[in-house]
Novice: 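Sharing a structure with you now.
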Amino acid sequence: MAPKPLTFPGIFLALLAFSFSLLLFCRPIIGGHDYPDALRKSILFFEGQRSGRLPPEQRVKWRRDSALHDGSTAGVDLTGGYYDAGDNMKFGFPMAFTTTLLAWSIIDFGRNMGPELKNTVKAVKWSTDYLLKATEKPGVVYVQVGDAYSDHSCWERPEDMDTLRTVYKIDNAHPGSDVAGETAAALAAASIVFRKRDPAYSRLLLNRAIRVFNFADKHRGAYSSSLHSAVCPFYCDVNGYQDELLWGAAWLHKASRKLVYREYIVKNEVVLRAGDTINEFGWDNKHAGINVLISKEVLMGKADYFESFKQNADGFICSLLPGISHPQVQYSPGGLMFKAGGSNMQHVTSLSFLLLAYSNYLSHANKVVPCGETSASPALLKHLAKRQVVDYILGDNPLRMSYMVGYGARFPRRIHHRGSSLPSVAAHPARIGCKAGTRYYLSPNPNPNLLVGAVVGGPNVSDAFPDSRPYFQESEPTTYINAPLVGLLAFFSAHP
């Protein structure tokens with residue numbers, strides 16, 4: 001659909017808005033960026049987050065085996081997977097979202113990853129191997145290992161961990177459609193990644209995704225209601241479980257091509273509120289992702305019955321454009337997208353990933369997004385996504401620092417991360433107890449171990465950044481910041 005003609009006042013206002021945005025986003029580049037290097041480092045980060053027995057080819061050498069008895073208190077093997085952030089917890093909800101976004105990065109941008117494709121596939125499999133363990137028992141999903149209060153009261157290496165490794169699960173009587181729906185999405189998305197690489201493993205992932213989704217749909221409820229004291233306020237589902245059911249169905253539709261999932265999506269679009277909060281995307285809110293993912297089929301001319309999802313996706317895109325006011329999205333003086341709440345970089349990378357993915361879908365369909373009296377071209381969306389990554393995360397920002405550890409001359413040195421901030425086992429073989437690590441936490445010294453590739457929560461709305469461990473909202477890295485960034489860096493490695 002072509003945008004409607006502009007009136008003279010409309011032209012003036014549109015030019016004024018976009019002139020402001022161009023001033024904001026088209027500042028001269030300080031220097032070229034090495035996207036392949038940033039890509040390599042963003043994937044390497046996941047090896048630093050590994051839990052369990054590390055493989056011989058482990059590249060982050062300051063890490064050692066950890067949490068080798070996870071699940072034993074419940075009579076199951078729950079070793080492996082990822083620590084979500086700078087703590088020693090394994091939270092299934094953000095881990096599954098991380099897995100989905102890593103898989104999506106490969107599906108859309110794997111051809112741009114070059115030699116790093118194999119490492120990204122390994123990063124997905126490290127997680128899916130764990131998710132298969134967590135979903136092995138029908139009618140049960142193990143969603144967390146570790147007591148967050150016990151864990152957060154200590155500052156110790158994962159290799160020394162002596163905090164409670166309590167196992168938490170959802171089941172028929174204690175539902176968790178949100179975490180189960182996201183787990184189904186992760187398994188389904190990963191099944192596409194392995195379809196040609198390992199057909200048997202791909203079939204296992206898809207069959208498990210179907211079973212977990214059926215469980216999520218049949219026994220509806222939020223896991224933060226069933227497990228409130230364990231998961232809140234850490235990964236409490238504020239947004240509701242409905243979006244994860246649609247998200248899981250969307251990925252199963254893409255992975256299986258079964259009519260039942262198309263019918264599910266169409267039937268439940270309104271019931272499960274596909275059009276709600278469309279400008280959000282992250283581990284708790286899948287609305288923008290649902291609409292962008294499903295819209296690809298509409299733009300390819302294959303699914304007119306999903307047209308309303310494309311309209312939602314267009315609305316999402318318009319809500320992010322600089323110069324078009326939206327109450328939930330703002331930009332810092334230095335040009336960084338900013339949303340209220342902790343760890344802002346999770347919003348920057350996730351929303352920028354959707355901008356880039358949608359721009360590709362639009363390009364193939366030769367379409368633009370109508371936004372009132374103006375329109376957004378695929379080139380503009382790529383430009384915005386690139387500026388969030390290039391101009392800001394990799395160093396072209398008011399502080400002239402990279403927010404990726406190990407990239408560039410200046411980057412965060414005191415990140416909120418236990419393993420990075422404490423001496424490695426090789427440097428200090430003796431155990432460091434729960435409270436003995438406090439002096440390292442409070443130390444002004446840089447972390448002794450570089451968690452290369454880690455992207456921290458980032459600066460505040462004024463572009464200020466305290467390079468200090470206690471400021472965890474700014475200085476803590478997470479897997480779900482890096483996962484969408486992998487796709488972005490892959491694309492710009494091939495299209496600088």
Side-chain angles (χ1 to χ4, degrees), residues 49 78 81-101 127 131 134-135 140-153 163-171 173-186 212 215-217 219-248 272-273 276-290 328 339-347 349-351 416 457 472-474 476-481 483:
Q49 295 300 109
L78 293 176
Y82 292 113
Y83 301 119
D84 72 296
D87 52 23
N88 299 324
M89 293 292 299
K90 291 196 305 204
F91 292 101
F93 201 7
M95 194 192 306
F97 177 73
T98 292
T99 310
T100 308
L101 267 291
S127 191
L131 295 177
T135 58
V140 174
V141 179
Y142 292 98
V143 298
Q144 182 175 314
V145 181
D147 175 80
Y149 292 98
S150 172
D151 180 273
H152 289 180
S153 70
T163 52
L164 296 170
R165 300 303 285 174
T166 313
V167 174
Y168 298 92
K169 67 179 181 179
I170 55 172
D171 54 27
H174 308 89
S177 301
D178 32 30
V179 64
E182 182 60 71
T183 302
V212 173
F215 161 71
D217 190 43
H219 302 281
R220 294 189 180 189
Y223 93 132
S224 48
S225 297
S226 299
L227 298 171
H228 188 273
S229 61
V231 304
C232 296
F234 311 101
Y235 289 101
C236 196
D237 183 4
V238 176
N239 185 62
Y241 63 82
Q242 292 86 351
D243 53 325
E244 277 81 23
L245 289 176
L246 272 178
W247 179 240
L272 298 178
R273 308 199 304 267
D276 284 13
T277 54
I278 56 168
N279 63 329
E280 292 277 0
F281 187 52
W283 60 264
D284 182 33
N285 190 321
K286 311 306 181 316
H287 286 104
I290 292 165
Q328 293 186 37
K339 293 176 74 68
S343 189
N344 182 58
M345 284 300 184
Q346 66 177 307
H347 306 301
T349 60
S350 293
L351 294 172
H416 183 97
F472 66 92
Q473 291 187 331
E474 290 86 5
E476 187 171 20
T478 72
T479 59
Y480 45 90
I481 291 175

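As a basis for the values below, the full set of heavy atoms in this structure was taken, side chains included, without hydrogen atoms, waters or symmetry mates.
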Novice: Considering all heavy atoms of both residues, which atom of Ser177 and which atom of Leu245 are nearest to each other, and what is their separation?
Specialist: CB-CD2, 4.2 Å
Novice: Minimum heavy-atom separation for Ala185 to Thr100, with atom names?
Specialist: C-OG1, 3.8 Å
Novice: So which atom in Pro94 and which in Trp283 form the shortest heavy-atom distance, rounded to 0.1 Å?
Specialist: CA-CB, 4.2 Å
Novice: May I ask you to test the Glu280-His287 pair for a side-chain heavy-atom distance under 4.5 Å?
Specialist: no
Novice: If we ignore hydrogens and angles and just use 3.5 Å, is the side chain of Ser226 paired with the main-chain N or O of Pro175 as donor and acceptor?
Specialist: yes
Novice: Before we go on, tell me: are the rings of Phe234 and Tyr149 under 6.0 Å apart, centre to centre?
Specialist: yes
Novice: Does Arg165 reach the side chain of Lys90, with side-chain heavy atoms less than 4.5 Å apart?
Specialist: yes
Novice: Only one of Asp84, Asp284, Asp178 clears side-chain hydrogen bond (donor to acceptor under 3.5 Å, both in side chains) with Tyr235; which?
Specialist: Asp84
Novice: Give the minimum heavy-atom separation between Asp87 and Glu476, together with the two atoms involved.
Specialist: N-OE2, 4.0 Å
Novice: For residues Asn344 and His347, is any side-chain donor paired with an opposing acceptor at under 3.5 Å?
Specialist: no
Novice: So do the side chains of Tyr480 and Ser350 get within less than 4.5 Å of each other, counting heavy atoms only?
Specialist: no
Novice: Does NE2 in His152 sit with more than 12 non-hydrogen atoms of other residues, nucleotides or ligands closer than 6.0 Å?
Specialist: yes
Novice: Write down the atom of Gly92, the atom of Val179, and the distance for their closest heavy-atom approach.
Specialist: C-CG2, 4.0 Å
Novice: Locate the shortest heavy-atom distance separating Ile170 from Leu227; write the atom from each residue and the value.
Specialist: CG2-CD1, 4.1 Å
Novice: Centre-to-centre under 6.0 Å for Phe281 and Trp247, is that the case here?
Specialist: yes
